[in-house]
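Some notes on the structure that comes next.
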Amino acid sequence: MPVNYNITACQVLKILGYANPESGKFLDGIEEEYNIKLPAVLRDFYKQAYGCPLLSTADIWTDKFYTLYEVIEEQIEEFKEEYKDNPEEGADDEYYQFSQSMAEIPREEWKEHVKNYLEIGSDYGAGVVNYGICIDDLDKEDPPVYYLNEDDEMTDWKLLCNTLSEYFMLILCDTLLCKQYRTAWEVLTKDGWDYNIYESDEIEETAGEIGVDLSALKPQVLSWGEVTCGYNEERKMIVAACIGDNYKPPFVVGTIAKK
């Protein structure tokens, strides 16, 4: 059976055996708290991803969301306390100036000055970049994902992925490739998966042995390269691959299969 090169992140997590019956309660709680309707793609993904140990060091939150407006409200209170005696000290702090201007505007009018975002993740470890969905896009089945760097103004969200599906696959591939953390290897080998990492000079030979057509892989862009994922159903094998700066064509860095 040929390799499925169109597999989704949700399907990969299902193959790996992840599911959490508490996800519905979590997602329903988010919808009720913020009076929103979550996109279908997000709800489907979190059926597997909620509290998933595989994603514990990934750039996505698996057990919480919050909104940009909540962040602004917290900053208003924090700065109010920090500069209550000497407000002029905050003159050079852009975030302070922004929070001050928002504090003078009625909450119901904030949308006229800054869009609200449902924040769903941040870069693990440093926490200097946040990822979110524009509240105005939540009526879309598979909305785009934006990011905000802490050095940028809170209105300066930039497009990261055209769809949530792409974002989820980027996060999952980054995790499976163990680029920054060995979490995937530790979790999956403990759960009985055969996890193999290959050197660059083994790429073509390995791809041939496991039946992967390197040219058929559909990479997505990360800051350190391009990533992709495929599944050989006959062998019950997940194939994670990436294109590093020094590697052409895409190279297979890991295969994950049940022993």
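Computed over heavy atoms, backbone and side chain alike; hydrogens, waters and symmetry mates excluded.
In this structure, Tyr167 and Leu160 have side chains that are in contact, with non-hydrogen atoms separated by less than 4.5 Å. When side chains are defined from C-beta on, Arg107 counts as touching Tyr69, because their heavy atoms get closer than 4.5 Å. Tyr18 is listed as a side-chain neighbour of Leu54, based on a closest heavy-atom distance under 4.5 Å. Side-chain contact check for Val145 versus Asn162: every heavy-atom pair is 4.5 Å or farther apart. Annotation: side chain of Phe45 is not in contact with side chain of Leu164 (no heavy-atom distance under 4.5 Å).
Residues Met102 and Trp110 come closest through the heavy atom pair O-NE1, 3.1 Å. Contact record, Glu186 with Thr189: O-OG1, 3.4 Å, taken as the closest heavy-atom pair. Smallest separation of non-hydrogen atoms from Ile171 and Ala58: CG2-CB, 3.8 Å. Heavy-atom minimum distance, Cys229 versus Leu176: SG-CD1, 4.3 Å. Summarising the geometry of Tyr124 relative to Asp59, their closest heavy-atom pair is N-OD1, 2.8 Å, with the distance given to 0.1 Å.
Test Asp142, Thr163, Leu138 against Pro39 for side-chain contact (heavy atoms from CB on, under 4.5 Å) and you get one pass: Leu138.
Heavy-atom contacts from other residues, nucleotides or ligands closer than 6.0 Å to CD of Glu153 number 12 or fewer.
Taken to the nearest 0.5 Å, the CG atom of Asp44 stands 9.0 Å off from the CG atom of Leu42. The CG atom of Leu118 sits 5.0 Å away from atom CD1 of Ile36, with the distance rounded to the nearest 0.5 Å. Distance check: Asn116 CG to Glu70 CD gives 8.5 Å after rounding to the nearest 0.5 Å. Atoms CD1 and CD, on Ile72 and Glu77 in that order, are 13.0 Å from each other to the nearest 0.5 Å. Once rounded to the nearest 0.5 Å, the distance linking CG of Leu13 with CG of Leu55 reads 6.0 Å. The NZ atom of Lys115 lies 15.5 Å from the CE atom of Met154; values are rounded to the nearest 0.5 Å.
You'll find the ring centres of Trp157 and Tyr147 outside the 6.0 Å limit. If you look at Phe65 and Tyr46, their ring centroids are closer than 6.0 Å.
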Decide yes or no on side-chain contact (heavy atoms from CB on, under 4.5 Å) for Gln48 and Asn20, but give the supporting numbers first. CA-CA 6 Å; Gln48 281 70 47; Asn20 192 327; over 6 Å; no
Determine whether Val239 and Asn232 satisfy the following criterion, side-chain contact (heavy atoms from CB on, under 4.5 Å), listing intermediate values before the conclusion. CA-CA 8 Å; Val239 180; Asn232 186 319; 5.6 Å; no
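The pair Lys47-Glu22 fails the salt-bridge criterion, with no side-chain N (NZ, NE, NH1 or NH2) lying under 4.0 Å from an Asp/Glu carboxylate O. With respect to Asp28 and Arg43, a salt bridge is recorded, a charged nitrogen being found less than 4.0 Å from a carboxylate O.
Judged purely by distance below 3.5 Å, without hydrogens or angles, the side chains of Ser56 and Thr183 never pair a donor atom with an acceptor atom. No side-chain donor-acceptor contact under 3.5 Å links Tyr66 and Glu33.
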Donor-acceptor contacts under 3.5 Å from residues 127-136 side chains, at least two apart:
unit_1: Asn130; atom_1: ND2; unit_2: Glu119; atom_2: OE1; d: 2.5

